[in-house]
Number of protein chains: 2
Amino acid sequence: MVHKWFSATGEVIGVRSPAPSIATAVGTADPSSGPGTEPAAAALLTASPEPLWIQASNVIRSEIDKGALQPGTRLPPERELCAQLNISRVTLRKALAKLVEEGALSATHGRGWYISGAGTATEREWPHTLESFTETARRMRLVPHSRVLRAAAQPASLDEAELLSIAPGTPLFHLDRVRLLDDVPIAIDISAVPLAMAPDLPAVDFETASLYQVLLDAGLNLVRADSTIESREVDPVDAPYLDLDVGKPILLLHQVVLDESGRPVLSSLVKYSGARYRLRTSFTRQPRFDRTAP
Amino acid sequence: MVHKWFSATGEVIGVRSPAPSIATAVGTADPSSGPGTEPAAAALLTASPEPLWIQASNVIRSEIDKGALQPGTRLPPERELCAQLNISRVTLRKALAKLVEEGALSATHGRGWYISGAGTATEREWPHTLESFTETARRMRLVPHSRVLRAAAQPASLDEAELLSIAPGTPLFHLDRVRLLDDVPIAIDISAVPLAMAPDLPAVDFETASLYQVLLDAGLNLVRADSTIESREVDPVDAPYLDLDVGKPILLLHQVVLDESGRPVLSSLVKYSGARYRLRTSFTRQPRFDRTAP
DNA sequence: AAGTGGTCTAGACCACCCC
DNA sequence: GGGTGGTCTAGACCACTTA
């Protein structure tokens with residue numbers, strides 16, 4: 001009568017009264033309000049504000065993280081999972097798709113779903129997007145800090161206007177900072193945002209605040225960052241800020257960050273001290289189905 | 001979703017059905033052509049080997065590329081598109097999701113679907129993953145070429161073994177190349193692949209062949225590339241290969257490429273001449289739903 | 001209140017893998 | 001053949017936006 005969740009953790013799903021682990025994994029899922037006679041249905045419930053497919057994905061993810069599902073293991077068939085989780089197959093597949101995107105699962109057509117090694121600790125160490133300065137600092141347990149060189153609005157020059165798709169002369173908020181970790185200068189960050197997009201910018205103290213966070217709080221949905229990365233010799237102007245000899249290598253990262261409608265929001269040029277910083281990211285490739293001949 | 005190629009595989013996709021005529025079915029949004037004459041039903045046909053949702057996505061994409069749908073424009077409501085394309089709403093939404101991931105569309109809950117400026121020419125110039133050497137060459141209309149310095153199998157050292165999660169001493173195929181564009185040296189590429197994963201490697205002529213393509217042809221499904229990028233001074237050994245003075249800046253790109261099960265397949269270290277190369281990529285950020293209080 | 005996207009379902013058929 | 005994932009449908013309800 002009790003439906004089991006996978007192999008090792010039969011207790012999590014279908015058991016009404018104990019069932020604490022799943023409840024927490026999924027969300028509120030208040031069990032007290034349970035109908036009392038429908039144990040299996042208690043697995044995932046509509047009480048939670050999260051969509052079912054997110055909940056389902058979380059349940060499976062937590063099983064993996066917990067170690068109940070080892071890499072290489074096969075998952076139960078989709079139709080069986082549907083029964084256990086009490087959701088439709090379409091919904092389950094949406095949950096599985098999410099986990100594929102996160103690198104936690106992979107499927108083979110006639111064979112089944114398999115746990116794929118990554119997706120847990122590895123995933124967190126290799127972000128799918130560029131690790132931000134603040135994130136790096138946190139990972140290395142260093143204290144991030146900024147020295148503000150300029151934080152003021154000025155009319156946009158021709159070049160800046162073109163870069164951000166705005167009219168020349170439009171008020172542009174400039175933020176130039178030296179970024180430090182534990183008081184060691186790591187990079188020079190030269191950013192510009194059209195003032196109209198976040199009028200409160202001049203009032204923020206950027207010695208500690210994160211520009212990215214301020215923009216998100218302003219309701220901007222930053223979705224894409226077109227980037228170029230190159231290696232250069234540091235020039236006499238920048239060298240003292242980074243405490244480098246002129247001619248030493250620096251890493252140049254230039255980004256134009258766009259919102260969901262493709263509108264440029266932020267232009268940023270970061271000059272990292274070559275010897276003190278290293279960009280980290282993980283590129284993924286969607287599984288393709290391009291058979292050359294069927 | 002974001003997210004997709006990191007190798008020289010841009011041209012692999014087998015486009016069999018050109019399907020140009022269908023295009024009008026979507027763009028014209030002609031309300032008068034109701035159920036009366038049934039022209040819309042001919043829009044997508046099951047004769048094609050491609051799934052319907054791919055076909056639908058291609059139709060919309062071609063409308064955007066063609067300019068029939070300008071950035072900022074609103075698409076017809078989903079239910080109407082379904083009727084025009086003669087597919088179910090679930091299928092249509094899968095097609096739309098693909099276009100969102102490509103950055104061509106975006107949706108707002110109660111408002112509708114909007115064309116988002118990017119996704120056409122821009123998209124092609126800003127790949128979601130690192131532009132490969134071959135792709136860069138093609139974009140710049142230069143001729144790529146390699147000088148092979150080493151192409152041989154050797155037992156894996158301790159470091160190599162750890163990097164690739166194999167036993168020390170396992171046969172490892174080493175491929176060291178100088179990569180050139182129009183006969184100008186651009187980079188040194190030092191790669192290593194466990195021989196067992198592609199036993200034919202030693203027989204390939206890498207003066208012209210692409211290592212990625214060979215691995216794909218061997219049936220390996222390369223899915224993820226954990227990467228670090230840094231800036232260094234070129235050392236006396238590498239300098240002559242790149243025709244640089246010792247101490248000049250180079251860009252160091254190190255990647256460990258994994259297959260779908262998370263197994264490391266390829267380790268590659270590329271040293272780009274700082275003055276002659278610039279990495280290009282477009283990072284995407286998943287829309288997040290981290291409200292602190294619901 | 002009407003329009004629109006977001007979620008979910010139950011059931012169907014097909015294509016692939018392995019016995 | 002039987003099991004399994006991949007695709008597709010028609011219809012339903014909910015949540016958000018706009019009026």
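Quick caveat: nothing in here was measured; it's all calculated off a predicted structure. Letters A, B, ... are given to chains in the order of the sequence lines, protein chains preceding strands, and every chain is numbered from 1.
Atom CG in B/L52 sits roughly 13 Å away from atom C1' in C/dC13 (whole-Å rounding). Straight-line distance from the CD atom of B/E78 to the C1' atom of D/dA15: 14 Å, rounded to whole Å. With rounding to whole Å, A/L92 atom CG is found 13 Å from C/dA10 atom P. As a whole-Å value, the separation of A/L75 CG from D/dG6 C1' is 17 Å. Distance CD1 (A/I54) to C1' (C/dC8): 14 Å, rounded to an integer number of Å. B/L96 places its CG atom 14 Å from the P atom of D/dC8, with the value rounded to the nearest Å.
For B/S165, the side-chain hydrogen bond (donor to acceptor under 3.5 Å, both in side chains) criterion is met by no residue, not counting sequence neighbours. Qualifying salt bridge (charged side-chain N to carboxylate O under 4.0 Å, His left out) partners for B/K94, counting only residues two or more places apart in sequence or in other chains: none. Looking at residues two or more places apart in sequence or on another chain, you find a side chain to side chain contact (heavy atoms under 4.5 Å, CB included) between B/V100 and B/L105, B/W113. In this structure, the side chain to side chain contact (heavy atoms under 4.5 Å, CB included) partners of B/P171, at least two apart in sequence or on a different chain, are B/L195. For A/R89, the side chain to side chain contact (heavy atoms under 4.5 Å, CB included) partners two or more places apart in sequence, or in a different chain, are A/E78, A/R79, A/C82, A/R93. By the side-chain hydrogen bond (donor to acceptor under 3.5 Å, both in side chains) test, A/T91 pairs with A/S88, sequence neighbours left out. Checked against side-chain hydrogen bond (donor to acceptor under 3.5 Å, both in side chains), A/T108 has no partners two or more places apart in sequence or in another chain.
Between the side chain of B/R79 and the base of C/dG5 there is at least one donor-acceptor pair of N/O atoms closer than 3.5 Å.
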Below 3.5 Å is the cut-off: list the nitrogen or oxygen pairs between protein and nucleotides 16-19 of chain D, distance only.
residue : atom : partner : partner atom : Å
D/dT18  : OP1  : B/R111  : NH1          : 3.0

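For the pair B/R93 and C/dG6, the criterion of a side-chain N or O lying under 4.0 Å from OP1 or OP2 is met. Close to D/dG6, at under 4.0 Å from its OP1 or OP2, lies no side-chain N or O of A/R89. In this structure, A/K94 reaches the C/dT7 phosphate: one of its side-chain N or O atoms is under 4.0 Å from OP1 or OP2. OP1 or OP2 of D/dT7 sits under 4.0 Å from a side-chain N or O of B/W53.
Here the side chains of A/L96 and A/L75 are in contact, with some heavy-atom distance below 4.5 Å.
The rotation axes computed at either terminus of the helix from C/dA1-D/dT18 to C/dC18-D/dG1 lie 10° apart, taking five pairs at each end and rounding to 10 degrees.
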Please evaluate residues B/L172 and B/L164 with respect to the criterion side-chain contact (heavy atoms from CB on, under 4.5 Å), reporting the C-alpha separation (whole Å), side-chain torsions for both, the decisive distance (0.1 Å), and the verdict. CA-CA 10 Å; B/L172 204 58; B/L164 293 169; 3.6 Å; yes
